[in-house]
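Input: a single structure, listed below in structure tokens.
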Amino acid sequence: MPNLQIIVSIPLKMDIPKQYDPKQAEQHHYTRWEQAGFFAPEINRNPDAPIFSIAIPPPNVTGSLHMGHALQHTMMDVLTRYKRMCGYRTLWLPGMDHAGISTQLMVTRELKKERLSRYDLGREKFVERVWRWKEESGGQITKQMRREGASVDWSREKFTMDEDLSRAVREVFVRLYEEGLIYRGNRIVNWCPNDQTVLSDLEVQKDPQSGKLYYLQYPLKGSDKRVTVATTRPETMLGDTAVAVNPNDERYQNLVGSTLLLPLTDREIPIVADEFVDPEFGTGAVKVTPAHDPNDYDMGQRHNLAQVVVIDAHAKMTADAGADFAGLDRYKARERVIERFEDLGLLEKIVDYEFSISKCERCKTVLEPLISLQWFVRMDQLKDLALGLLAKEGKPRFIPEPYEKVYTNWLENLRDWTISRQLWWGHQIPAWYTAGGEMVVARSLEEARQKAGTDDLTQDPDVLDTWFSSALWPFSTLGWPEQTRDLETFYPTSVLITARDIIFLWVSRMVMMGMKFIGREPFADTYITGTILDPQGQRMSKTKMNGVDPLEVFDKFGVDATRIMLASVGSTDVRWNEKQVESYRNFANKIWNAARFCLLNSEGATVDPTSLSATKAQLALHDRWIISRLNKTTRDLHSAIGGYDFHDAVQTLYHFFWDDFCDWYIELTKSDVTSEEQTTQRDVARTRLVTVLEQALRLLHPFMPYITEELWQRLPGVDSKLLHSAYSGASATIMLAAYPESREELIDDRAEWEMQLVIDLVTRVRNIRSEMNIKPGERVPVFVSAPDEQLRQVFNASADQIKRLVRASELRIESEASAPKASARAVLAGGAEVAVPLEGLIDFEQERQRLGREQEKLRAEEAKLHAQLSNPNFVDRAPAEKVNELRTRIADIAQRTSQLQQTVENLQ
RNA sequence: AGGCACGUACGUCAAUGGUAGACGGCUUCCCUUACAAGGAAGAGGUUGGGGGUUCGAAUCCCUCCGUGCCUACCA
């Protein structure tokens with residue numbers, strides 16, 4: 001472990017600014033955490049520690065941080081930090097994807113500025129150049145992840161083009177090939193004329209398009225009849241090799257088998273019958289172009305039709321399109337075909353038509369379906385592995401659950417995967433060809449030479465789809481095909497957190513490859529995050545320029561505020577709302593100032609967890625109460641985080657800290673804590689206060705790592721003793737402190753009930769003060785009457801605090817009401833009443849109205865409950881527990897009502 | 001075209017079939033020595049419309065309206 005400067009400052013009386021400055025806190029801690037090795041699993045010294053691991057969805061090397069990353073990373077970091085504090089041996093493995101097309105485009109664009117093309121450089125020089133680009137400008141995102149506070153183990157950072165990962169890629173390729181699951185073949189594929197490469201179905205973007213439907217007439221041979229076909233792409237008619245009709249279509253039945261004269265060419269083409277044809281659409285007759293349309297390709301296979309290629313890889317017409325068209329751009333050719341048909345009188349009509357068009361996901365060029373020689377992965381066996389895993393073991397478990405169906409539906413209808421790409425940047429396909437055209441597939445050139453028995457080999461120029469290496473990510477990053485310790489220890493990973501748009505591209509493929517090569521699932525759970533939309537509800541995108549830059553949000557509100565806001569999003573789509581972050585910024589400030597108060601009153605105190613487990617009898621109500629609340633909060637947090645309910649976890653933390661701890665506990669303990677005299681009682685109170693804060697900081701840490709570390713380091717008495725036992729020997733840091741455990745015996749429902757009585761009393765008095773316009777500074781006498789002795793005891797025990805919180809000049813607690821008539825009153829639970837004498841101040845009419853409103857509320861509620869209870873069916877069929885609950889409530893309301901009635905009468 | 005979501009306060013979102021909440025905003029009052037990025041109190045909802053199941057529906061079912069997303073081989 002490197003020798004490090006410990007940035008622990010314990011300035012008891014030093015100035016603590018009134019406002020939290022996130023930049024200051026974000027400055028040092030990350031570097032220290034990273035350098036001290038806190039992120040690496042090796043920090044855990046417990047050989048029997050349970051394992052928690054996540055492989056990050058590798059961001060593109062070309063990418064920079066966007067809101068989607070920030071969202072996913074936050075959730076992964078929350079889980080990782082949480083598990084680490086729970087004592088798990090924790091690995092969150094970072095890395096990047098080489099992102100074939102994007103990266104190649106990026107560098108190509110750079111070259112263009114130098115008026116060069118990649119061909120000018122040649123393959124080798126070009127790839128060198130990409131590497132150089134990667135070293136110099138790639139991987140911006142890794143710096144940004146450090147800013148996020150992501151507790152990834154940088155010592156294990158991977159890149160999909162690293163030698164070891166590339167080796168895994170070749171190994172998988174060779175094995176799949178040898179099993180016949182990878183094959184090379186001529187198929188119709190999605191071709192991008194701009195990028196000059198094939199794309200898989202998943203990289204195709206379908207865009208709605210308003211275009212035209214052209215009705216073309218083809219003359220029937222030996223007749224003056226014509227058959228009309230409808231098409232959106234007239235230029236492809238030059239490659240037609242048939243016209244198809246539905247076999248059951250009576251209009252055409254007698255024409256099946258006859259021959260058409262294909263206009264503009266000298267070809268004759270048959271009319272075939274095929275179930276695929278929808279008689280309802282267009283004319284019911286379809287032109288068939290096997291070389292330029294996927295459906296027609298299939299039809300061509302069924303009917304043994306010739307493939308006439310009329311469009312080339314640059315989307316220009318070929319020589320086979322005829323002298324009239326050869327060399328023309330596809331759209332130019334379309335115009336000319338239409339002109340010719342019109343001249344020939346064979347153009348029946350043109351109608352407007354809405355359809356969808358296939359575009360390249362990256363460059364938005366309209367794709368051209370072309371027949372070409374490519375590599376494919378056969379999916380039938382692989383998809384069965386994935387489906388079998390789900391059926392037998394229920395893995396991966398999808399959260400939220402409905403995605404499971406999306407996943408299975410897709411798997412069930414899976415087609416073969418086109419894995420070759422005509423790019424230079426990527427994993428070159430490990431296939432070599434001899435001069436004689438013989439092919440060998442091998443793990444290396446040496447192996448290929450051996451297999452081929454010659455050194456005269458040429459490697460296949462294509463590279464693999466980027467998603468091919470991504471599919472291996474969960475195990476290739478751990479050293480596979482070597483049986484490494486990491487692989488044994490951290491595979492399968494615990495959970496995958498990702499966005500829903502790559503369920504098919506990535507999630508399913510990892511499952512298939514994991515099952516195929518390791519025999520186990522790559523991750524147990526899959527958590528699909530929601531999407532952050534722009535304020536108008538639109539998807540954020542570069543082209544729309546409506547993205548919100550997380551780094552700017554960090555600058556404005558701090559990393560912690562942004563993180564906890566993102567965590568609260570959970571798995572639903574939300575519109576971006578800066579106000580939300582602002583409110584969590586305020587929360588951070590609240591934490592800061594609560595700590596500030598504790599620190600300014602911390603002399604004589606020291607963090608001491610045992611101070612929160614003293615026996616009940618020794619403690620005041622507010623102490624028993626906050627301990628109970630703390631333990632309940634802790635319990636709820638374990639369950640929320642364990643169930644990936646990030647939203648609930650955040651709400652729980654927020655309310656515990658702000659409402660319970662700040663609004664009530666600090667106020668209630670203030671008299672003890674701020675006492676001028678240095679007494680044991682004061683030290684004990686201070687210790688307890690600072691310890692509750694310390695526990696709260698631990699609970700908050702996974703969500704807000706910076707502010708919690710910053711404050712934790714300043715607490716009196718924090719040292720490595722507070723770390724989880726698995727981290728003995730490490731220097732003091734909150735990120736290795738034990739995450740609090742909930743202790744059932746410290747949950748005190750009685751204390752919570754009593755405290756609620758006090759809170760209600762205080763709130764009622766404040767209400768009266770506010771409604772009666774009593775100046776905040778003015779002290780007034782307060783009379784509490786409670787016939788129930790228990791209640792009086794509760795109020796008496798907290799009398800001092802109550803007095804202070806309601807700013808009472810005196811507080812009388814009696815069994816019977818003795819307040820003067822001219823008092824404002826409010827009814828409390830258990831037949832108790834509180835009164836504030838307002839001689840001369842009270843407006844009887846106003847007071848009557850106020851009480852009237854109160855009565856109205858009670859009456860409405862009572863009526864509702866009464867209606868329910870008087871329904872015999874309810875009493876009969878609802879569970880007895882529910883019925884009793886209702887009876888209790890109605891009794892309570894009845895008591896309040898009569899009490900209130902009394903109060904109103906007393907007003908006279 | 002099919003499939004899947006969603007529709008709750010002014011806004012953004014919560015709520016195992018059992019008293020509809022939070023945060024922001026809004027109103028009133030307060031710079032009360034942790035915090036005005038704060039405190040106290042308050043107003044605000046027939047849960048998109050209609051129907052059904054149930055003792056009981058924001059929640060389950062049907063239907064209509066509206067909005068998103070995904071899939072698809074209709075030329």
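Letters A, B, ... mirror the listed sequences (proteins, then strands); counts begin at 1. Keep in mind that what you see is a predicted model, and the values were worked out from it rather than measured.
Across C69(B), A41(B), G18(B), the shortest atom-to-atom separation from the side chain of R766(A) is found for A41(B). Among A34(B), G18(B), C13(B), the nucleotide with an atom closest to any side-chain atom of I666(A) is A34(B). Comparing U32(B), U71(B), A41(B) by their closest approach to the side chain of R807(A) singles out U32(B). Here the side chain of F504(A) is nearest to one of C70(B), C35(B), A41(B), namely C70(B).
Between R889(A) and U19(B) there is no side-chain N or O to OP1 or OP2 distance below 4.0 Å. In terms of phosphate contacts, K18(A) brings a side-chain nitrogen or oxygen within less than 4.0 Å of OP1 or OP2 of C35(B).
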Using a cutoff of under 3.5 Å, can you pull out all pairs of nitrogen or oxygen atoms linking the protein to nucleotides 23-25 of chain B, with atom names and distances?
| from | atom 1 | to | atom 2 | distance (Å) |
| --- | --- | --- | --- | --- |
| C23(B) | O2' | S583(A) | OG | 2.9 |

Which pairs, protein N/O on one side and nucleotides 73-75 of chain B N/O on the other, fall under 3.5 Å?
| from | atom 1 | to | atom 2 | distance (Å) |
| --- | --- | --- | --- | --- |
| C73(B) | O4' | N295(A) | OD1 | 2.7 |
| C73(B) | O2' | N295(A) | OD1 | 3.0 |
| C73(B) | O2' | N295(A) | ND2 | 2.6 |
| C74(B) | O2 | D278(A) | OD2 | 3.0 |
| A75(B) | OP2 | Y353(A) | OH | 2.2 |
| A75(B) | N6 | D278(A) | O | 2.7 |
| A75(B) | N6 | F281(A) | O | 3.3 |
| A75(B) | N1 | D278(A) | N | 3.3 |

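Looking at heavy-atom distances under 4.0 Å, T572(A) makes contact with sugar-phosphate atoms alone, never a base. Note on T531(A): nothing from the nucleic acid sits closer than 4.0 angstrom, heavy atoms only. Residue-level contact check: E667(A) touches the bases, meaning some heavy atom is under 4.0 Å from a base atom. Residue-level contact check: K775(A) touches neither bases nor backbone, having no heavy atom under 4.0 Å from any strand. Within the nucleic acid shown, P879(A) comes within 4.0 Å of at least one base atom, counting heavy atoms only. Counting any heavy atom pair closer than 4.0 Å across all strands shown, N413(A) reaches no nucleic acid atom. Among the protein residues, E885(A) comes within range of no part of the nucleic acid, since none of its heavy atoms lies under 4.0 Å from any strand. Residue contacts shown for D573(A) are limited to sugar-phosphate atoms, with no base heavy atom under 4.0 Å away. Nucleic acid contact for C662(A): base, since at least one base atom lies under 4.0 Å from a heavy atom of the residue. Nucleic acid contact for R575(A): sugar-phosphate only, since backbone atoms but no base atoms lie under 4.0 Å from a heavy atom of the residue.
Figure legend: cation-pi geometry between K590(A) and F661(A) absent, as NZ or CZ is not positioned both under 6.0 Å from the six-membered ring centre and within 45° of its axis.
Between E401(A) atom CD and U16(B) atom P there is a gap of 15 Å when expressed in whole angstrom units. Between the C1' atom of A40(B) and the CE atom of M772(A) lies a distance of 16 Å, rounded to the nearest Å. As rounded to whole Å, 18 Å separates atom P of G56(B) from atom NE2 of H866(A). If you measure from atom CD1 of I503(A) to atom P of A5(B), you get 13 Å, rounded to the nearest angstrom.
A ring-centre distance under 6.0 Å is not found for F557(A) and Y584(A).
How far CG of L566(A) is from OG1 of T74(A): 5.0 Å, rounded to the nearest 0.5 Å. Note that CE of M540(A) and OG1 of T531(A) are 10.5 Å apart. Values are rounded to the nearest 0.5 Å.
Partners of E885(A) according to the salt bridge (Lys or Arg N to Asp or Glu O under 4.0 Å) rule, which considers only residues two or more places apart in sequence or in another chain, are K882(A).
Between R563(A) and M704(A) the shortest side-chain heavy-atom distance does not fall below 4.5 Å. At least one side-chain heavy atom of Y218(A) sits under 4.5 Å from a side-chain heavy atom of D240(A).
The residue among N873(A) and N773(A) whose nearest nucleotide of RNA chain B is located toward the 5' end is N773(A).
One N or O on the side chain of N413(A) and one on the backbone of N409(A) form a donor-acceptor pair closer than 3.5 Å.
The aromatic rings of F587(A) and W658(A) lie parallel to each other, their planes meeting at an angle below 30°, with 60° marking the opposite boundary. By the 30° and 60° cut-offs, the orientation of the rings of Y353(A) relative to F355(A) is parallel.
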